[in-house]
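Below is one structure; the comments refer to it alone.
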Amino acid sequence: MSREIGEVILDLKNVSLAFGGVKALTDISFDVREHEIRAIIGPNGAGKSSMLNVINGVYRPQQGEIILRGKHFSKMNPYKAARAGISRTFQNIALFKGMNVIDNMMTGRNLKIRSNLIQQALWWGPARREELEHRAKVEEVIDFLEIQHIRKTPVGRLPYGLQKRVDLGRALAMEPSILLLDEPMAGMNVEEKQDMCRFVLDINDQFGTTIVLIEHDMAVVMDISDRVVVLDYGRKIGDGLPDEVRANPEVISAYLGASH
Amino acid sequence: MGFFIETLIGGLMAGMLYSLVALGFVLIYKASGVFNFAQGAMLLFAALAMARFSAWIPEWLGIDSLWLANVIAFFIAGALMYLVAWLIERLVLRPLVNQEGATLLMATLGIAYVLEGLGTSIFGTAIYKIDVGMPKEPVLILEGIFEGGLLINKEDFVAALIAAVLVALLTLFFQKTVTGRALRAVADDHQAAQSIGIPLNHIWVIVWFVAGIVALVAGVIWGSKLGVQFSLATVALRGLPVVILGGLTSIPGAIIGGLIIGVGEKLSEVYLGPMIGGGIEIWFAYQLALVFLLFRPQGLFGEKIIDRV
Amino acid sequence: MLYRENGQFKTSYAADQQIFPIAQDRWAILGILVFAFIGIPLLGDEYLMRAILIPFLILSLAALGVNILVGFCGQITLGAGAFMAVGAYAAYNFHIRIEGLPLLVSILLGGITSALVGIVFGIPSLRVRGLYLAVATLAAQFFTDWVFLRIPWFTNNASSGSVSVSNLQIMGWEIITPFDKYMFCLVWLTVFALLAKNMTRSAIGRQWMAIRDMDVAAEVIGIRPLFAKLSAFAVSSFFVGTAGALWGFIHLSSWEPAAFSVDRSFQLLFMVIIGGLGSIMGSFFGAAFIVTLPIALNQFLPAIGGLFGVTISTAGVSHAELIIFGSLIIFFLIKEPHGIARLWSTGKEKLRLWPFPH
Amino acid sequence: MKLRKLALAASAAAAICSSLLVAPAALAQAKEQFFPVLVYRTGAYSANGSQWANGYVDYLKLVNARGGINGVKIIFEECETAYATDRGVECYERLKGKNGGATLFQTLSTGATFALTEKAPVDKIPLITAGYGRSESQNGAVFTWNFPLLGTYWVGAEVAIQHIAKKLGGVANLKGKKIALVYHDSPYGKEPIPVLQELGKLHGFEVQLLPVAHPGVEQKATWLQIRQQKPDFVLLWGWGVMNSTALREAQATGYPRDKMMGIWWAGAEPDVKDVAEGAKGYSALTLQHGAEPNSKVVKDMLDLVYAKGQGTGPKDEVGQVLYMRGLISAMLGVEGVRKAQERYGKGKVMTGEQVRWGLENLNLDQKMLDSMGFAGVMRPVQTSCLDHMGSAWVRVHTWNGSKWEFTTPDWYQADEKLLRPMVMLASGKYAEEKKLKPRTPEECKL
């Protein structure tokens with residue numbers, strides 16, 4: 001699929017979020033266009049993860065609305081978000097530790113399962129057929145991410161880098177239209193980062209998946225993203241093309257001020 | 001009206017004792033993150049020790065004074081509880097450190113079995129009495145105000161008083177002593193506590209010992225009311241709704257929860273019970289706690305649980 | 001050396017998704033089944049069947065149910081006994097109130113009723129979790145204890161509160177002898193164990209495990225906690241409920257609520273934790289361990305005492321039983337917190353490598 | 001290394017399994033009469049259960065010391081049930097085939113009796129439930145294998161009302177009175193309810209039902225209700241710790257103890273000993289006997305068993321109420337065997353089926369009782385096909401603060417006219433449910 005940036009598919013308007021008295025996000029608006037790679041950056045505690053959590057409904061903002069493909073959501077919840085084709089990875093890997101790699105990724109196919117509980121219990125008819133179909137799909141993702149050798153390994157035993165990859169795999173297995181990546185490269189060495197970059201770009205390129213990405217590594221962000229939002233203390237201080245953002249004095253001061 | 005007040009008082013008295021059991025749960029949960037199902041068995045064990053030693057000591061030492069025998073027996077039982085705490089820390093908690101809650105819960109059920117078995121094989125299975133000179137006969141008061149007067153059980157009052165004193169002492173201990181402050185530090189944050197140089201193992205022994213003493217006091221009160229026998233261990237089950245109502249981590253929660261449950265179950269049994277067949281107090285207490293839970297999942301005084309992603 | 005999977009290549013996903021992908025395992029299971037269906041009825045005596053095997057089979061079924069909820073879905077329950085009771089009493093009521101209702105249908109209806117009650121008592125799991133939930137399930141326990149003691153309708157107005165069933169038969173097969181009972185329970189357990197295995201290896205099982213391992217992440221990939229948790233409660237209660245019906249109908253044939261007391265709930269929880277949380281196999285191991293241990297201790301302690309010239313009284317034995325039982329539980333948790341099932345799989349892995357451990 | 005451990009564990013497990021298999025199988029045809037003994041020496045009811053068990057086992061020892069049953073020695077084995085029905089069933093299964101087969105079972109648990117009533121006919125082993133069990137099992141035509149010897153709970157309930165009527169100065173004075181039943185919430189505690197309600201209708205008194213949940217330590221609310229309702233009498237149908245708790249609560253709420261009366265399972269030393277003065281005036285029905293430390297059988301016991309150091313329990317408990325109950329229960333079983341030997345061959349080991357005949361044709365007259373040392377302890381017992389109870393005599397004893405004593409010389413006998421129809425009705429219903437055909441008088445003679 002060729003990568004042509006399309007219309008706005010996700011639009012956040014005036015989102016504010018607070019925990020008790022603590023304001024995490026204040027009046028933030030930004031949009032995401034189809035097929036683009038949109039990065040969210042900012043110092044620690046800027047509210048980046050909160051932003052993602054608002055998008056897929058883990059947190060409910062006190063104010064503001066989310067417009068997804070023209071549909072207005074004042075309250076998103078994770079299930080609705082998943083149905084709408086939003087999937088995500090987690091900053092502190094949230095894999096299902098008791099399951100192996102295949103099963104973890106198979107959970108990503110959950111929304112596409114049509115057979116009911118009784119059919120599944122009998123392992124009969126549609127249930128069995130589906131199980132095979134989805135397995136084939138998951139194997140495609142496994143091939144894509146080059147993790148064939150760890151298929152049957154319980155995820156708890158995998159090294160960190162591979163866990164990150166499986167986390168991505170699970171999100172991909174959903175065949176999302178929007179993929180939220182929460183620091184996919186945090187804690188990786190250079191080689192692993194390169195692999196991960198490659199995967200992100202390939203996903204975007206091959207499947208046309210819209211990607212919203214949180215990342216600390218400025219070099220990576222500037223390299224791969226189409227547009228960048230900058231947050232600081234829960235406020236938006238910059239938004240635009242990587243070069244524009246890089247030149248934004250407010251961003252520079254925030255970055256220099258906060259992270260040494 | 002007089003009867004209502006009697007029931008209320010009866011409930012408060014029962015609640016005071018539930019609070020003591022719940023206090024044992026809370027202390028241990030706060031400091032070691034263990035939901036201690038063995039609290040009931042500890043209570044039984046302590047009460048059995050107290051009852052038997054207070055009978056044996058006059059025989060062994062040839063002393064006549066009941067008071068003295070009781071005091072000595074109390075200290076022996078206390079020492080035994082220290083031994084129990086030490087052994088539990090050594091043999092169970094230390095090897096199981098950092099295991100999941102369910103595993104630890106199971107382990108305490110194991111401890112409960114061991115303590116029940118040990119207690120009954122060392123001390124016997126008959127019904128024993130603890131005679132600490134509690135007044136048994138009831139008194140009638142305020143006969144002028146209520147028809148038939150208010151029947152007050154002196155024993156219950158003394159028991160409630162002892163419970164209150166114990167709670168006050170514990171509060172002082174936690175607020176004013178170095179050890180107490182260390183215990184609170186552990187409760188707040190294990191790693192932080194360790195990093196300022198508090199030996200965690202030592203703390204656990206102390207906490208389990210304190211819980212053991214609470215169990216001993218509860219056992220003495222209960223044993224003096226009902227006799228000491230095997231089913232004392234089941235009072236733990238009555239303390240459970242109290243901790244879920246009050247919150248697993250809150251000492252005031254344990255006390256207030258205990259009173260609410262005590263009053264709730266007595267009132268329900270007396271006023272609601274006859275209508276639907278009686279014997280409802282146990283499940284009523286649990287349902288009461290459950291209803292509270294639906295509104296406040298962390299209990300009345302528990303800390304709010306926030307999910308971080 | 002025998003336990004090797006060399007040369008067993010899977011050429012399709014279907015082959016890879018078998019319950020026992022390794023040929024030796026399939027043979028072993030087949031052997032066990034043949035032994036259970038043919039060998040034991042030929043060799044075993046009545047005592048073995050009635051006092052050990054039938055309780056083992058029924059409690060395995062209940063343990064499977066508890067394991068689905070606790071082991072697979074991560075919702076701790078201390079109220080499993082209650083659902084056994086619901087299953088038993090519901091089946092009893094269907095059995096006596098509807099003339100001519102086949103036994104199998106009564107037991108299944110018992111299970112379904114239990115599943116419905118399970119859903120109701122599962123609702124708090126949407127709000128509370130962990131130990132709070134464990135205690136909340138005790139509410140179910142005490143409530144059902146009370147209901148079946150106190151509401152005469154459920155016991156068909158039996159003045160003693162004790163109910164009994166008799167003349168059990170399935171299409172002319174009268175279930176009277178221990179052999180009949182054993183076979184009935186065995187067939188039942190085999191079928192339902194297979195169903196349980198199927199559920200745990202398909203989408204619903206993955207939903208449960210996802211909720212257990214990380215509920216927020218599960219929600220994010222589109223698993224509804226409401227459905228996952230309540231379905232786990234329902235399926236688990238169904239299994240436990242049918243086990244209760246079997247316990248009442250087949251094993252005891254006359255029972256009172258005390259047969260399903262809170263002690264039973266603890267016992268079932270022990271089974272799954274010692275056997276192995278989240279393992280079908282573990283449920284069997286746990287049930288076998290818990291059923292046989294007290295009986296074995298009872299038989300051997302006096303014998304061991306005899307070796308040293310000590311006579312151990314019955315009371316002594318039962319106290320020792322408590323102590324040993326408790327210590328074994330602790331020992332187990334320390335040595336293998338993941339239960340016998342983990343020991344089993346470690347053993348198998350060792351065996352695969354043997355005799356070249358590296 | 002790990003593998004070796006695994007192998008060791010596996011072989012140990014195999015050893016356990018195989019010996020479980022072998023243990024019951026290794027039963028050679030014994031020359032001894034095997035008495036399985038279901039006991040509970042642990043758990044919530046251990047204080048009471050132990051005493052009964054001591055008496056039971058001691059009597060078996062005494063019979064052996066006296067030379068056995070016409071020369072046939074008794075062997076016995078205890079099995080701990082903890083008063084739990086399922087463990088009772090397991091014990092039953094374990095022991096029923098051992099040592100040539102069980103002679104009979106006594107469960108000391110109404111719950112277990114209910115469960116075993118279904119199993120005993122299949123295995124052909126009689127169940128003696130002396131003073132407990134299901135009341136309608138008095139009808140031996142339906143309950144062929146059950147023997148509620150000496151008395152059932154219906155007998156107890158009926159006599160309790162007789163006694164109260166007598167205290168009030170006549171049955172007519174029962175009218176308008178209120179009698180509360182504080183009962184153990186189990187089949188045991190519920191047994192007397194139908195009779196009390198029937199009598200209440202008959203005599204015009206009100207029955208107030210107050211259940212107490214197992215194990216019975218939580219009675220505060222119960223006694224508050226009693227204080228509020230002020231019943232004229234309280235019947236206590238408790239067991240184990242529930243009894244002493246009830247008395248303590250009665251004391252604490254000021255309910256007069258002399259208006260409380262217990263069933264014979266609430267009238268032993270462990271129930272009142274620790275309440276001591278607080279229980280003074282409390283009375284209880286007896287299953288004929290009270291504490292009988294001066295009876296001849298107790299003296300024999302001390303001489304022949306305890307003097308040799310073979311006693312099961314503490315010496316000072318020999319002759320106490322529950323000890324005597326156990327002892328008499330054992331005696332009834334032994335006499336059943338003796339009677340069976342008269343028909344099937346003296347000096348032989350009897351099967352369960354033969355013992356059943358013996359129990360059904362039991363005829364212990366005063367002379368026999370005297371010769372066995374039971375003079376003054378109990379009255380004659382004669383059973384028949386239709387009457388598996390054998391006698392329905394009850395006395396009332398009272399706690400004087402330090403021991404049980406008979407204050408009135410009265411012996412009560414339950415009203416056959418009232419109870420018989422109830423027994424027939426209930427047993428008929430049971431037979432119908434189970435599709436049993438009651439034995440005809442001709443079959444009874446076989």
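When reading the values below, keep in mind they use all heavy atoms of this one structure, side chains included, and skip hydrogens, waters and symmetry mates. Note that the coordinates shown come from a computational prediction; the quantities given were computed from them, not determined experimentally. A, B, ... follow the sequence lines: proteins, then strands. Residue 1 opens every chain.
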### Query
Is there a donor-acceptor contact under 3.5 Å from the side chain of D:Glu292 to the main chain of D:Gly290?
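Checking the backbone N and O of D:Gly290 against the side chain of D:Glu292, a donor-acceptor pair under 3.5 Å is found.
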### Query
If we only count heavy atoms from C-beta on, is the B:Ile221 to B:Ile162 side-chain gap below 4.5 Å?
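SC-SC contact between B:Ile221 and B:Ile162 confirmed.
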### Task
Could you label the plane-to-plane angle of the B:Tyr271 and B:Phe4 rings as parallel, tilted or perpendicular, counting under 30° as parallel and over 60° as perpendicular?
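Plane angle between 30° and 60°, so tilted.
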### Query
D:His184 vs D:His214 aromatic rings, parallel, tilted or perpendicular, using cut-offs 30° and 60°?
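If you compare the ring of D:His184 with that of D:His214, the planes turn out perpendicular.
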### Task
Would you kindly say whether D:Tyr323 and D:Asp58 are connected by a side-chain donor-acceptor distance under 3.5 Å?
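There is such a pair between these side chains.
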Is it true that atom [atom1] of [X] has more than 12 heavy atoms of other residues, nucleotides or ligands lying nearer than 6.0 Å?
X: D:Lys403; atom1: NZ; result: no
X: B:Phe3; atom1: CZ; result: yes
X: D:Lys280; atom1: NZ; result: no

Which region of [X], side chain (C-beta onward) or backbone (N, CA, C, O), has a non-hydrogen atom less than 4.5 Å from a non-hydrogen atom of chain D, or is it both or neither?
X: B:Glu155; result: neither
X: B:Asp156; result: side chain
X: B:Thr234; result: side chain
X: B:Lys225; result: both

### Query
Centres of the B:Tyr286 and B:Trp283 rings: under 6.0 Å?
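No, they do not, as the ring centres are separated by 6.0 Å or more.
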#### Entry: Ring centers of B:Tyr128, B:Phe123 separated by less than 6.0 Å
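Ring centroids of B:Tyr128 and B:Phe123 are no less than 6.0 Å from each other.
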### Message
Distance check, rounded to the nearest 0.5 Å: B:Asn70 atom CG versus B:Ser65 atom OG?
### Response
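The distance works out to 8.5 Å.
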### Message
For the residue pair D:Arg325 and D:Trp265, would you count it as a cation-pi contact if the rule is NZ or CZ under 6.0 angstrom from the ring centre and within 45 degrees of the ring axis?
### Response
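Yes, cation above the ring, under 6.0 Å and within 45°.
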### Task
Residue by residue, scan residues 9-25 of chain B and write down, ordered by number, those that have a heavy-atom distance under 4.5 Å to chain D; if none do, write 'none'.
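Within residues 9-25 of chain B, the residues under 4.5 Å from chain D are B:Gly10, B:Tyr18.
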### Query
Who in residues 254-261 of chain B is close to chain D, using a strict under-4.5 Å heavy-atom cut-off?
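Against chain D, none of the residues of residues 254-261 of chain B fall inside the cut-off of heavy atoms under 4.5 Å.
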### Query
Taking every heavy-atom pair that is under 4.5 Å apart, which of D:Lys220, D:Arg248, D:Gln51 has the most such pairs with chain B?
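Top option by heavy-atom pairs under 4.5 Å: D:Arg248.
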